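Reading through the structure tokens given below for one structure.
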Amino acid sequence: MAQYTQVELLTLHGPVFRRVSTAPPRPATDDEIPIIDLSTIDGDFEARKNIASKIKSAAENIGFFYIKNHGIENELIERALESAQAFFGQTNEQKGQAHDRYRGVGSTQINKKETKDRKETFFVPYNAAYDPTVANPATTSHDEKYLHSGNDSFWEGTDHIPAFKKTTIEFWQHRLTLARKMIRIFALALDMPENYFDEVITRPGADGLYIHYPGLPEIVPVDTETDVGIGSHTDIQCITLLWQDMSGGLQVLSANDEWLDARPIPGTLVVNIGDFLQRLSNNRFKSTVHRVYNRQSTSRYSMPFFLGFNPDSVCQVVPSCIDDEHPALYEPITCGKWHRDRMALAQGKLSWQESDYKSS
Ligand SMILES: O=C(O)CCC(=O)C(=O)O
Ligand SMILES: [Fe+2]
């Protein structure tokens with residue numbers, strides 16, 4: 001008989017409980033987490049519709065899939081990985097110099113019912129000055145100023161790492177370009193015109209991260225305070241593009257309440273849907289619970305990229321996801337407010353009762 005436990009997630013509607021099998025994670029089959037080939041993404045419309053139909057089915061089922069032939073050169077990924085390793089290889093004091101972009105091991109706890117996260121992170125938020133599609137980066141709205149800090153001084157603390165800034169920005173730019181192409185495919189997958197979301201991704205939330213999960217001997221003895229790499233959670237914004245090294249450890253909660261290993265596959269990125277896109281799709285596309293364990297002796301590195309929509313654009317449930325049987329479940333809202341409130345909730349600065357999201 002299968003045994004179950006529960007995962008508790010903090011959401012803006014209050015806590016949500018998910019049943020989870022206590023069985024160890026098992027490998028996902030190719031049907032469960034499919035590999036989708038993007039080699040024709042720049043081809044004709046029929047080819048893009050074909051990709052969209054595969055993404056639609058993955059998005060409606062598990063909310064996770066791999067992409068291959070995604071157009072980001074392996075050479076660039078290797079350089080980015082070297083930059084991440086050089087950054088995390090510094091002393092804590094040196095890492096602290098990139099202070100507002102660096103979070104140390106155990107400084108976050110994404111799931112309050114699990115342990116602190118045994119990972120360290122460096123992140124780069126959206127900056128119009130690096131966005132290849134923005135002609136005049138100087139003009140920013142209030143919300144953009146909040147999310148997209150133009151304060152670039154943190155790079156100074158990384159000056160001594162050769163090409164760190166250049167490589168990090170280059171990798172961020174390529175992922176932004178790919179994420180925008182993916183959002184056009186997602187519009188098709190939602191049975192909308194391809195350009196449906198174009199106006200809300202002109203200056204989007206776009207956070208590029210380097211993550212290091214230290215190996216176990218680096219924390220002696222085994223530290224029960226920081227057992228999980230990153231606790232069970234869902235991503236906040238629209239889509240996540242994730243590069244992971246060959247360590248393994250990323251686990252995805254299936255619709256049957258089982259943990260599945262999203263095993264590393266060379267040449268691929270993992271794509272998953274976040275809560276904001278789930279909301280806009282009236283829950284048709286799934287924002288799926290996932291977590292990372294790194295219980296081996298060696299480091300695990302990953303590089304996620306989180307795409308939201310423009311923080312000040314009001315977005316409503318996509319019309320194709322509403323009909324008589326499926327009325328809109330959610331009010332229009334900006335991705336900026338959604339993101340800010342979710343981050344505040346995660347940091348304990350907002351309790352769900354205070355928020356505007358309480359269901360009546
Ligand atoms: O490191 C990974 O593989 C996943 C990280 C993740 O889920 C996150 O940062 O939201
Ligand atoms: Fe995540």
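Quick caveat: nothing in here was measured; it's all calculated off a predicted structure. Residues: numbered from 1 along the sequence shown. The analysis underlying the following values was restricted to heavy atoms, covering all of them including side chains, and did not include hydrogens, waters or symmetry mates.
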Salt-bridge contact Asp191-Lys56 (side-chain N to carboxylate O under 4.0 Å): yes
At what distance, to the nearest 0.5 angstrom, does OG of Ser299 lie from CD1 of Ile211? 13.0 Å
Roughly how far, to the nearest 0.5 Å, is OH of Tyr196 from CG of Leu280? 8.0 Å
Pairing of Glu170 and Arg79 as salt bridge, 4.0 angstrom limit: yes
Can you check whether Leu345 reaches Arg340 side chain to side chain, under 4.5 Å on heavy atoms? no
Under 3.5 Å side-chain donor-acceptor pair for Asn283 and Tyr330: yes
Would Asp42 and Lys181 satisfy salt bridge (charged side-chain N to carboxylate O under 4.0 Å, His left out), going step by step from the backbone distance to the final call? CA-CA 9 Å; Asp42 297 320; Lys181 281 187 198 174; 3.1 Å; yes
Could you tell me which non-hydrogen atom of Tyr213 sits nearest to which non-hydrogen atom of Ser302, and how far apart they are? CE1-OG, 3.7 Å
Quick one: does Thr288's side chain get under 4.5 Å of Thr234's, heavy atoms only? no
Would you please say whether a donor-acceptor pair under 3.5 Å links the side chains of Arg279 and Ser287? no
Parallel, tilted or perpendicular, as decided by the 30° and 60° cut-offs, for the rings of Phe122 and Phe164: perpendicular
Step by step, would you call Asp131 with Arg203 a salt bridge (charged side-chain N to carboxylate O under 4.0 Å, His left out)? CA-CA 8 Å; Asp131 183 343; Arg203 294 179 179 216; over 6 Å; no
Verify the neighbour count for atom NZ of Lys113: are there more than 12 heavy atoms of other residues, nucleotides or ligands below 6.0 Å? no
Would you say that more than 12 heavy atoms from the other residues, nucleotides or ligands in this model lie under 6.0 Å from the CD of Gln316, or not? no
Consider only side-chain N and O atoms of Tyr293 and Gln251, and report whether a donor and an acceptor are under 3.5 Å apart. no
Should we count CD of Glu93 as having more than 12 external heavy atoms under 6.0 Å? no
Distance only, no hydrogens: is a donor on one side chain within 3.5 Å (strictly under) of an acceptor on the other, for Glu114 and Ser232? yes
Is there a side-chain contact between Thr168 and Thr158, using heavy atoms and a 4.5 Å cut-off? no
Strictly by modelled atom types, are Arg300 and Gln244 linked by a side-chain donor-acceptor pair under 3.5 Å? yes
Side chains of Gln94 and Thr91: is there a donor and an acceptor less than 3.5 Å apart? yes
Between Ser39 and Asp37, a side-chain donor and acceptor under 3.5 Å: yes
What's the verdict on side chain to side chain contact (heavy atoms under 4.5 Å, CB included) for Val228 and Asp117, showing C-alpha distance, side-chain angles and the deciding distance? CA-CA 6 Å; Val228 297; Asp117 304 318; 3.8 Å; yes
Under the salt bridge (charged side-chain N to carboxylate O under 4.0 Å, His left out) rule, what do Asp261 and Arg26 come out as? Steps first, then yes or no, please. CA-CA 6 Å; Asp261 277 322; Arg26 67 167 175 83; over 6 Å; no
For the ring pair Phe197 and Phe186, is the centre-to-centre distance below 6.0 Å? no
Stepwise, does the salt bridge (charged side-chain N to carboxylate O under 4.0 Å, His left out) test hold for Asp227 with Arg295? CA-CA 8 Å; Asp227 181 36; Arg295 285 180 169 161; 2.5 Å; yes
Where is the tightest heavy-atom contact between Cys238 and Ile183, given as atom of each residue plus distance? CB-CD1, 4.5 Å
Could you walk me through whether Ile239 and Met182 pass the side chain to side chain contact (heavy atoms under 4.5 Å, CB included) check? CA-CA 9 Å; Ile239 57 169; Met182 297 288 297; 3.8 Å; yes
Determine the interplanar angle of the His13 and Trp338 rings, folded into 0 to 90°, and report it as parallel if under 30°, tilted if 30 to 60°, perpendicular if over 60°. tilted
Measuring only between side-chain heavy atoms, which start at C-beta, is Arg48 closer than 4.5 Å to Thr40? no
Test: salt bridge (charged side-chain N to carboxylate O under 4.0 Å, His left out). Region: residues 231-252. Which pairs qualify, not counting sequence neighbours? none
is_close_aromatic(Phe305, Trp243), centroid dist under 6.0 Å: no
Heavy-atom pair with the smallest gap, counting every atom of Gly308 and Cys335: CA-SG, 4.0 Å
With rounding to the nearest 0.5 Å, note down the distance linking CG in Leu188 to CD1 in Ile55. 9.5 Å
Residues two or more places apart in sequence or in another chain: which of them pass salt bridge (charged side-chain N to carboxylate O under 4.0 Å, His left out) with Lys49? Glu46
Per side chain to side chain contact (heavy atoms under 4.5 Å, CB included), Lys95 is matched among Arg101, Arg103, Gln90 by Gln90
Is the positively charged end of Arg175 above the ring of Phe171, judged by distance under 6.0 angstrom from the centroid and angle within 45° of the axis? yes
Pairing residues for Arg342 by the salt bridge (charged side-chain N to carboxylate O under 4.0 Å, His left out) criterion, not counting sequence neighbours: Asp275
Over 12 foreign heavy atoms within 6.0 Å of CD, Glu60: yes
Check for a donor-acceptor pair, side chain of Arg19 on one end and backbone N or O of Thr5 on the other, with a separation under 3.5 Å. no
Shortest non-hydrogen pair, Ile62 vs Glu32, comes out as CG2-O, 3.0 Å
Taking atom types as modelled, find out whether Gln109 and Asn111 have a side-chain donor-acceptor pair closer than 3.5 angstrom. no
Ala58 and Ile36: which non-hydrogen atoms are nearest, and at how many Å? CB-CD1, 4.5 Å
Can you give me the closest heavy-atom contact between Tyr210 and Ser83, atom names plus distance? OH-CB, 4.0 Å
Should we say atom CD of Gln6 is surrounded by more than 12 heavy atoms from elsewhere, each under 6.0 Å from it? yes
